Amino acid sequence: YEQDFASFCEFMLSSPLIRPRYVRELIMGPTARLPKDLVNKLVYVLTHMEGLEKFTIACENDPSEAALMAALAATTSITNLSIESPNATVAQVLNRWKSPVTKVAVSFDERKLIGQSDEIRTRYLDPTWVFAPLSGTVREMQAIWPRYFSSKVVFPAVDTLQVHAYRPAAMNDTMRAFPNLKRLLVSFEMGFDPDKLLRERHDNETDEHNQHWQSLQYVQGDVGSVYVCSLPCKVEHLDLTVPHRCRNADVLIPAVAAAAQPARLDLHFIENCVHLEPLQAALCAAASLVTHLDIIYRVPCDDIKISYIIVSVLFGFVRAFH
């Protein structure tokens, strides 16, 4: 591992004013175990990466991480930034960041925050707090295992938000943080227990006096995750996956479709045996709402995957293939 970093630096430093300028993407694993002299070489190389566009760093709460990030702070070419397990020192460097970053991604590891205060845990499990210094330029955000979205930091340019989490953050706070959102992709590790889904949905129901999204262009996710979001607006294009472990899809699909009132509805059924009730519920829910309906229904049978695909429904005309 150390040898990989050493070889990289040796190659770059053989022509330090030329080779670093041609690096467009750099993915850095943990640097905590690297010797100080090698870290210094990496810092020197990074300060000469004038054309770097995509940068990813995995953090282990080591001072070298902040030094490496600081080496890129004056760079103005980075548009895509990814951070794994952000910490205080790395987040502080972003206050000096010069690049107009338009796409950010972050993944959190709660195990690294065991024993920390509630205030620290709240901050370092919140993408909006971590990337607050970049709030004016970011247009797309991906967050893996976040716990919170602060209502105090606004990202006015974000139009696409992708979230994979244990449970949904409060939708009121999410709408305040991303007031101009157009595309929402969600996936929550919650299972499909009806009572639990209903409780989460009620927790996310928004007050009519609070700020709402007027509409969303695209929403994607499994039907349970979208259901618990309790979206308070219309969705032009609704893209739902129905896993085989979801046994109440015939209830969830109509509820989600009725609230979203989509013009286009995509449904991906993944079944381990034939269950037509969810499909029937989907067709009934779509009948009075959509102008375009795409359905993929897959059932594995004796190692043969059978797919029934309704390509589209347009003004009453249906085309189907299997």
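The structure presented is a predicted model; accordingly, all values stated were derived computationally and were not measured.
The shortest side-chain heavy-atom distance between Leu46 and Met49 falls under the 4.5 Å cut-off. Residues Asp195 and Leu198 form no side-chain contact, since every pair of their non-hydrogen atoms from C-beta on lies 4.5 Å or further apart. Between Cys59 and Asn61 there is no side-chain heavy-atom pair separated by less than 4.5 Å. Taking 4.5 Å as the limit, every side-chain heavy atom of Asn180 sits out of range of all side-chain heavy atoms of Asp159. Residues His292 and Leu265 form no side-chain contact, since every pair of their non-hydrogen atoms from C-beta on lies 4.5 Å or further apart. Residues Tyr218 and Lys182 have side chains not in contact (no heavy-atom distance under 4.5 Å, counting atoms from C-beta outward). For the pair Val223 and Leu267, the minimum side-chain heavy-atom distance is 4.5 Å or more. In this structure, the side chains of Phe5 and Leu42 come closer than 4.5 Å at one or more pairs of heavy atoms.
Pro194 and Asn248 make their closest contact through CG-ND2, 3.8 Å (heavy atoms, listed as atom of the first residue, atom of the second, distance). Shortest non-hydrogen contact noted between Ser15 and Pro20 is O-CD, 3.5 Å. Closest non-hydrogen pair, Gly51 versus Ser77, comes out as C-OG, 3.5 Å. Closest approach of Pro254 and Ala249 over heavy atoms only: CD-O, 3.9 Å. Across Leu94 and Phe131, no two heavy atoms sit closer than the pair CD1-CD2, 4.0 Å. The shortest non-hydrogen separation linking Tyr22 to Ile18 is CD1-O, 3.2 Å.
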Does Gln142 form a side-chain hydrogen bond (donor to acceptor under 3.5 Å, both in side chains) with His164? I'd like the steps, not just the answer. CA-CA 8 Å; Gln142 180 187 55; His164 181 82; over 6 Å; no
In sequence, state the C-alpha distance, the side-chain angles, and the governing distance for Ser64 and Thr31, and then conclude on side-chain hydrogen bond (donor to acceptor under 3.5 Å, both in side chains). CA-CA 7 Å; Ser64 63; Thr31 59; 2.8 Å; yes
Could you walk me through whether Leu181 and Thr174 satisfy the side chain to side chain contact (heavy atoms under 4.5 Å, CB included) test, starting with their C-alpha distance in whole Å, then the side-chain angles of each, then the deciding distance to 0.1 Å, before giving a yes or no? CA-CA 10 Å; Leu181 196 72; Thr174 306; 5.8 Å; no
With salt bridge (Lys or Arg N to Asp or Glu O under 4.0 Å) as the criterion, how do Arg264 and Asp266 come out once you've worked through the C-alpha distance, each side chain's angles and the decisive distance to 0.1 Å? CA-CA 7 Å; Arg264 176 173 177 176; Asp266 295 353; 3.3 Å; yes
Could you go step by step and tell me if Leu13 and Lys41 meet the side chain to side chain contact (heavy atoms under 4.5 Å, CB included) rule? CA-CA 8 Å; Leu13 292 174; Lys41 290 180 180 179; 4.2 Å; yes
Glu2 vs Arg33, test: salt bridge (Lys or Arg N to Asp or Glu O under 4.0 Å). Steps then yes/no. CA-CA 8 Å; Glu2 179 181 332; Arg33 293 182 297 276; over 6 Å; no
Decide yes or no on side chain to side chain contact (heavy atoms under 4.5 Å, CB included) for Ile270 and Thr241, but give the supporting numbers first. CA-CA 8 Å; Ile270 304 172; Thr241 299; 4.1 Å; yes
Leu252 and Val226: side chain to side chain contact (heavy atoms under 4.5 Å, CB included), yes or no, with the steps? CA-CA 9 Å; Leu252 299 180; Val226 178; over 6 Å; no
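Counting non-hydrogen atoms of neighbouring residues, nucleotides and ligands closer than 6.0 angstrom, the CD atom of Glu25 exceeds 12 such neighbours. For Arg139, the CZ atom counts as loosely surrounded, since its 6.0 Å shell holds 12 or fewer non-hydrogen atoms of other residues, nucleotides or ligands. When the shell of 6.0 Å around CZ of Arg24 is examined, it contains more than 12 heavy atoms from other residues, nucleotides or ligands.
Ionic pairing of Asp173 and Arg176 is present here: one or more N-O contacts between side-chain nitrogen and carboxylate oxygen are shorter than 4.0 angstrom. Under a 4.0 Å N-O distance rule, the pair Glu140/Arg183 does not qualify as a salt bridge.
Aromatic ring centres of Phe149 and Phe178 lie closer together than 6.0 Å.
In the hydrophobic cluster analysis, where Ile, Leu, Val, Met, Phe, Trp and Tyr join through side-chain heavy atoms closer than 4.5 angstrom, Leu238 is grouped together with Leu289.
With Thr137 contributing its side chain and Val101 its backbone, the two residues share a donor-acceptor pair below 3.5 Å. Under the 3.5 Å distance criterion, the side-chain polar atoms of Thr89 are left unmatched by any main-chain donor or acceptor of Pro63. Put simply, the side chain of Ser7 gets close to the backbone of Gln3: a donor and an acceptor are under 3.5 Å apart. No donor-acceptor distance shorter than 3.5 angstrom exists from the side chain of Glu84 to the backbone of Val106, with no hydrogens or angles considered. Judged by distance alone, with hydrogens and angles left aside, the side-chain atoms of Asn204 form a donor-acceptor pair with the main-chain N or O of Val228 at under 3.5 Å. Between the Arg21 side chain and the Glu50 main chain, no donor and acceptor come within less than 3.5 Å of each other. Without hydrogens or angle criteria, Thr128 side chain to Ser150 main chain gives a donor-acceptor distance under 3.5 Å. A donor-acceptor pair under 3.5 Å is formed between the side chain of Ser99 and the backbone N or O of Ile78. No donor-acceptor pair closer than 3.5 Å links the side chain of Arg245 to the backbone N or O of Val242.
Shown are Phe108, Trp145, Phe188; of these, the ring-ring contact (aromatic ring centres under 6.0 Å, His included) with Tyr166 is made only by Trp145.
The cationic atom of Arg19 (NZ for Lys, CZ for Arg) lies less than 6.0 Å from the six-membered ring centre of Phe11 and within 45° of the ring axis.
Between the side chains of Asn87 and Glu65, at least one donor-acceptor pair of N or O atoms lies under 3.5 Å.
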